[in-house]
Chemist: 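Here it is, the structure in full.
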Amino acid sequence: MEEIQSYSDNYRSSSSSASSPAGRAPSGNFFYLRKPGSQRRPISFEDSPEWDDAEIDAQLEEGVDAINVGTAATSPYLSNVNSLSIASPSLPEVSAPVTERKIAGASVVWKDLTVTVKGKRHYSDKIVKSSNGYALPGTLTVIMGPARSGKSTLLRAMAGKLPSPARMYGEVFINGSKESMPYGTYGYVEREDTLIDSLTVREMLYYSALLQLPGFFSQKKSAVEDAIQAMSLADYSDKVIGGQCYVKGLPSGERRRISIARELVTRPHVLFVDEPLYHLDSVSALLMMVTLKKLAGTGCTLIFTMYQSSTEVFGLFDRICLLSNGNTLFFGETLACLQHFSNAGFPCPIMQSPSDHFLRAINTDFDRIIAMCKSLQDDNGDFTSVNMDTAVAIRTLEATYKLSSESAAVESMIEKLTKKHVCAPGWPLIKSKGKVSSTTRVAVLTWRSLLILSREWRYFWLRIVLSLLLAVCVGTMFSTWAIPFSSIFVFVSFVSLLSIAGLPAYIKEIKVYASEESNGHTGALVFLLGHVLASIPFLFLLSISTSIVFYFLVGLRSEFSLLMYFVLNVFTCLLANDGLMMVVAYVWLEPFQSILNLVFIHVIMMLAAGYFRIHSNLPRPFGCTRCRTPLSIPTLSRQVPAAARRRWFAPANLPRPALLSQGLLENEYLGTAFAVGQVRSISGTQALHGLYTISSSSSAKWANLLVLLLMAVAYRAVLLVLLGCSARTVVSRCRRRVAGACAGARRRN
């Protein structure tokens, strides 16, 4: 942290010196941070640092790793502005400590990269159009542009994570090879942070390492500690991410760094980050970029997207790829980009941030602002900062770049980086680091889910408390009822309905799975098995605690075997309901809509189950007399004639049929007898068979229990199919909803 603070102080002093009238030339000077280990001083356009192409050529010819170049020589690019420059004020030379590179980086080259999406009939809409560029180890390469310019699409295309409707044309080279990057050699960080709020930072990274890294536990712990140190999370390592009780969770800056650290546990050669400064303030953004600069100093290749940055953050970039409407307007050194805009006729004002100036020139949304400002010019003077024609600026910048020396230099460098094969001497060989076995992943996910269940008191422990209160209330109300059909209906229905309290936690779990699956950390079957194994102890605890309270308050038959069957029946119903909740959570991925639809489904089940109206009297398809298990809960199937019902059950004051499992009816009344008049009596088997057409076999209740179990399996089979289709669909849907919410907020503002 002290090193970060010293970096920040240097950036502030540099920015203040550059913006002061005494410290800037009329032509404009800019401060640039050299690579780690080199001396830092203010640099103007005329002495901007540049990678020495001659030095790279010599190292390529000698077979040495040309990517890990540790020095930067003076560039001849901007020597034509020497006549108007004024020397920048000298600052004390600060030598940053050289960080030992522990990661073997890899060069990434994209050549003629085009991405199209499917329109109404064919693939016609081009999101990215013939983009060229490269990224070298130990450097920060940023893809910058306005909204909907193709930044994230280009990043996903390089990482091989394009969604199914998109197609990529062109070539991507990794260390001179066209082969895709093996598992564990790269990391991809989504724009949205999908973290588990109930875990600490160290626990989150440790479980991520268990899912990704094979080998011994000591190696995984070492990788976790290295990731914590690399992202400067040592002060937050033992804090809960989402907070506990009245303690607030971690701020957005630390949460963003945790998301990046989760991908660093494998020590990747290349790291792709989509909007690392998303939802961060200026201070958090500067600390984030200083951390990423330190990470690049270890040798890792960093490629990320960004919408806008401050002057201090802009000074940390090594190369910039500027996009607008899918077109590449510039690729090269950051200072060369400033000169490129100046050559095109759009020089950056002295008191304006370079990134603000870039976006101002190429963002078509500013046309509306220009139209609004024109009506105010008569009253408030001329708005000289917004008088650019955006369409003309984009065409001019694109044409200027195609004819510039920077474009030729990029093509030359791409040719040099792609003509060497990955197995050539001096180039690191990119190999897969292996995967964790499926059995280990199931065990890790099960243990992690159990830990989450033990800490999510709002969604799970509160649900147990409410279910116990419900069991006490229902049992007390129906304690004097002779035949407790109504009490069983109310108990089973509302205990299942209270399960909706855990729906938000399931939605978060699905989002975490989608993020991990997109990076290859887990799979659909592994996630499903881990979730089921973790939910079984909790559901059984809920079933046995509530069933025992309700069973004895109502006064059901006091036999241990009957009590255990009652508990097992309630547990299987909750297990099936849990699968239904997961399906609904996956379909909607939004708490309000999921809860609304799940409540609607439960209400329909209650209405059509036979308690409010005899099932055989319901209109089809609910009243199908051949179906013994309509919808989700096995119900009573047929009503006997009214005369027989009055003759047999009038003395016992039996209520109308209720919504309950046939197994619960058979469990309670098989083996009993009912008196009819003073002489005659009938057995419980005859009563159930005559009134509800329930089998008189003693094993019928186990068949009904098997039906419930098969329903629980069927719901999870549906969930497995949905998860197996594409986990990236979940990520894209979340991204679209977040983008829609942000767009709505901008319109309201």
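Quick caveat, the model's predicted, so the values are computed rather than measured.
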Chemist: Taking S107 for the side chain and L136 for the main chain, is one N or O donor matched with an acceptor at less than 3.5 Å?
Modeler: no
Chemist: Using every non-hydrogen atom in the two residues, find where K416 and K419 come nearest and quote the distance to one decimal.
Modeler: O-CG, 3.5 Å
Chemist: Measure the shortest side-chain to side-chain distance between S131 and T328 over non-hydrogen atoms and say whether it is less than 4.5 angstrom.
Modeler: yes
Chemist: Who are the ring pair (Phe, Tyr, Trp, His ring centres under 6.0 Å) partners of F272, not counting sequence neighbours?
Modeler: none
Chemist: Identify the heavy atoms of V273 and I260 that sit nearest to each other, and give their distance.
Modeler: CG1-CD1, 4.2 Å
Chemist: Who passes salt bridge (Lys or Arg N to Asp or Glu O under 4.0 Å) against E398, sequence neighbours left out?
Modeler: K402
Chemist: What's the shortest heavy-atom distance between G145 and L359, and which atoms?
Modeler: C-CD2, 3.5 Å
Chemist: T390 vs T364, test: side-chain hydrogen bond (donor to acceptor under 3.5 Å, both in side chains). Steps then yes/no.
Modeler: CA-CA 6 Å; T390 306; T364 56; over 6 Å; no
Chemist: Of all residues at least two apart in sequence or in a different chain, which pass the side chain to side chain donor-acceptor pair (under 3.5 Å) check with D112?
Modeler: none
Chemist: Nearest 0.5 Å, please: how far is CG in L322 from NZ in K151?
Modeler: 10.0 Å
Chemist: Identify, with sequence neighbours excluded, every residue that meets side chain to side chain donor-acceptor pair (under 3.5 Å) alongside E516.
Modeler: R448
Chemist: Do the side chain of D274 and the main chain of E190 share a donor and acceptor less than 3.5 angstrom apart?
Modeler: no
Chemist: After noting the C-alpha distance and the side-chain angles of V265 and R262, does the key distance pass the side chain to side chain contact (heavy atoms under 4.5 Å, CB included) rule?
Modeler: CA-CA 6 Å; V265 294; R262 187 170 60 176; 5.9 Å; no
Chemist: Sequence neighbours left out, what passes side chain to side chain donor-acceptor pair (under 3.5 Å) with T141? Give chain and number order.
Modeler: none
Chemist: Please list, chain by chain and in numerical order, all residues satisfying salt bridge (Lys or Arg N to Asp or Glu O under 4.0 Å) with D356, sequence neighbours excluded.
Modeler: none
Chemist: If the condition is ring pair (Phe, Tyr, Trp, His ring centres under 6.0 Å), which residues does Y186 pass it with, not counting sequence neighbours?
Modeler: none
Chemist: Under 3.5 Å, is there a donor on one side chain and an acceptor on the other for N325 and K129?
Modeler: no
Chemist: My understanding is that only residues two or more places apart in sequence, or in another chain, count here; which of them pass side-chain contact (heavy atoms from CB on, under 4.5 Å) with T114?
Modeler: T116, K126, S130, Y169
Chemist: So, the side chain of T291 versus the backbone of L287: is there a donor-acceptor pair under 3.5 Å, distance only?
Modeler: yes
Chemist: Starting at CG of L271, measure out to CG of L302 and round the result to the nearest 0.5 Å.
Modeler: 5.0 Å
Chemist: Any chance you could lay out the side chain to side chain contact (heavy atoms under 4.5 Å, CB included) test for N519 and K161, step after step, and finish with the verdict?
Modeler: CA-CA 9 Å; N519 288 332; K161 295 184 175 296; 3.2 Å; yes
Chemist: Between the main-chain N or O of S515 and the side-chain N or O of S518, is there a donor-acceptor pair closer than 3.5 Å?
Modeler: yes
Chemist: Nearest 0.5 angstrom please: L295 CG to L264 CG, how far?
Modeler: 5.5 Å
Chemist: Please evaluate residues N343 and S404 with respect to the criterion side chain to side chain contact (heavy atoms under 4.5 Å, CB included), reporting the C-alpha separation (whole Å), side-chain torsions for both, the decisive distance (0.1 Å), and the verdict.
Modeler: CA-CA 10 Å; N343 294 338; S404 64; over 6 Å; no
Chemist: Listed by chain and number, what are the salt bridge (Lys or Arg N to Asp or Glu O under 4.0 Å) partners of E254, not counting sequence neighbours?
Modeler: R257
Chemist: For the residue pair S284 / R256, report whether a side-chain donor-acceptor contact shorter than 3.5 Å exists.
Modeler: no
Chemist: Taking side chain as C-beta onward, heavy atoms only, is H521 less than 4.5 Å from E263?
Modeler: yes
Chemist: Would you find a donor on one side and an acceptor on the other, under 3.5 Å apart, between the side chain of S252 and the backbone of H279?
Modeler: yes
Chemist: Does the gap between the ring centers of F331 and Y134 come in under 6.0 Å?
Modeler: yes
Chemist: State the SG-NZ distance between C300 and K294, to the nearest 0.5 angstrom.
Modeler: 14.5 Å
Chemist: Quick one: does any side-chain atom of K433 pair with a main-chain N or O of T266 as donor and acceptor, under 3.5 Å?
Modeler: yes
Chemist: Write down the atom of A227, the atom of A261, and the distance for their closest heavy-atom approach.
Modeler: CB-O, 3.7 Å
Chemist: Name the residue from F330, F314, F346 that meets the ring pair (Phe, Tyr, Trp, His ring centres under 6.0 Å) definition with F358.
Modeler: F314
Chemist: Do P349 and H357 come within less than 4.5 Å of each other through their side chains, counting heavy atoms only?
Modeler: yes
Chemist: Excluding sequence neighbours, so at least two apart, what forms side chain to side chain donor-acceptor pair (under 3.5 Å) with T396?
Modeler: none
Chemist: So which heavy atom on T334 is nearest to which on I320, and how close?
Modeler: CA-CG2, 4.1 Å
Chemist: Please round to the nearest 0.5 Å and tell me the distance separating atom CZ of R267 and atom OG1 of T185.
Modeler: 15.0 Å
Chemist: Would you give the length of the straight line joining atom CG of L154 to atom CD1 of I127, rounded to the nearest 0.5 angstrom?
Modeler: 12.0 Å
Chemist: Which atom names give the shortest non-hydrogen contact between P163 and R156, and what distance separates them?
Modeler: CD-NE, 4.3 Å
Chemist: Assess whether side chain to side chain contact (heavy atoms under 4.5 Å, CB included) is satisfied between I143 and L323, documenting all intermediate values.
Modeler: CA-CA 7 Å; I143 305 173; L323 297 180; 3.7 Å; yes
Chemist: Taking side chain as C-beta onward, heavy atoms only, is I258 less than 4.5 Å from M231?
Modeler: no
Chemist: Listed by chain and number, what are the salt bridge (Lys or Arg N to Asp or Glu O under 4.0 Å) partners of K178, not counting sequence neighbours?
Modeler: E171
Chemist: Could you tell me which residues satisfy side-chain contact (heavy atoms from CB on, under 4.5 Å) with A399, sequence neighbours excluded, listed by chain and number?
Modeler: none
Chemist: With a 4.5 Å heavy-atom cut-off, do M289 and L140 have their side chains touching?
Modeler: yes
